[in-house]
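Along the sequence shown, the residues carry numbers beginning at 1.
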Amino acid sequence: MDPGKPETSGVQYTVATEQPKDHVIWSIFNLVHFNPCCLGLMALIYSIRARDRKWVGDVEGARTYGESARRFNIWATALGAVVFVISVIVLAVRLAAIYSR
């Protein structure tokens with residue numbers, strides 16, 4: 001070894017960046033089952049855009065579209081669940097009124 005040169009070990013460390021999520025499956029589920037105010041459709045559109053951005057290597061664009069798709073999915077799921085619960089309650093009340101006669 002030369003006393004003037006710094007010693008190197010030859011070990012390389014690579015930092016793996018986590019791929020952004022596109023939430024396509026959740027968006028399709030919301031499109032089919034919970035689609036209040038077309039939020040499921042908007043979630044699917046943003047999910048596809050996120051997947052396209054990820055495909056071309058634009059990680060930051062994919063992350064932005066993925067977060068938007070996630071927000072639309074949260075709203076679609078929440079509103080769809082509320083509508084479902086209200087529908088079940090209304091149906092139960094009407095059936096109770098019919099059978100109580």
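Hydrophobic clustering, with ILVMFWY side chains joined whenever heavy atoms are under 4.5 angstrom apart, groups L91 together with Y99. Under the 4.5 Å side-chain heavy-atom criterion for Ile, Leu, Val, Met, Phe, Trp and Tyr, Y65 and V59 are members of distinct hydrophobic clusters. When the side chains of ILVMFWY residues are joined at heavy-atom separations under 4.5 Å, either directly or via intervening members, F29 and L31 end up in two distinct hydrophobic clusters. Connection of F84 to L79 is not established within any shared hydrophobic cluster, with ILVMFWY side chains joined at heavy-atom distances below 4.5 Å, either directly or through further cluster members.
Side-chain atoms of K54 do not come within 3.5 Å of backbone N or O of Q19 as any donor-acceptor pair. Side-chain atoms of D22 never come within 3.5 Å of backbone atoms of A50 as a donor-acceptor pair (strictly under, hydrogens ignored).
Here W26 sits in one hydrophobic cluster together with I74; the rule is ILVMFWY side chains under 4.5 Å apart, joined directly or through other members.
The side-chain heavy atoms of K21 and R70, taken from C-beta on, include no pair separated by under 4.5 Å. No side-chain heavy atom of V56 sits under 4.5 Å from any side-chain heavy atom of D52.
Atoms CG and CG, from L44 and N35 in turn, are 9.5 Å apart once rounded to the nearest 0.5 Å. Between atom CG of residue N73 and atom CG of residue L39 there is a gap of 9.0 Å, rounded to the nearest 0.5 Å. Rounding to the nearest 0.5 angstrom, the gap separating the CZ atom in F72 from the CE atom in M42 is 4.0 Å.
Across S47 and H23, no two heavy atoms sit closer than the pair OG-O, 3.4 Å.
With respect to I86, the side chain to side chain contact (heavy atoms under 4.5 Å, CB included) criterion is satisfied by exactly one of V83, V90, V88, I89: V90.
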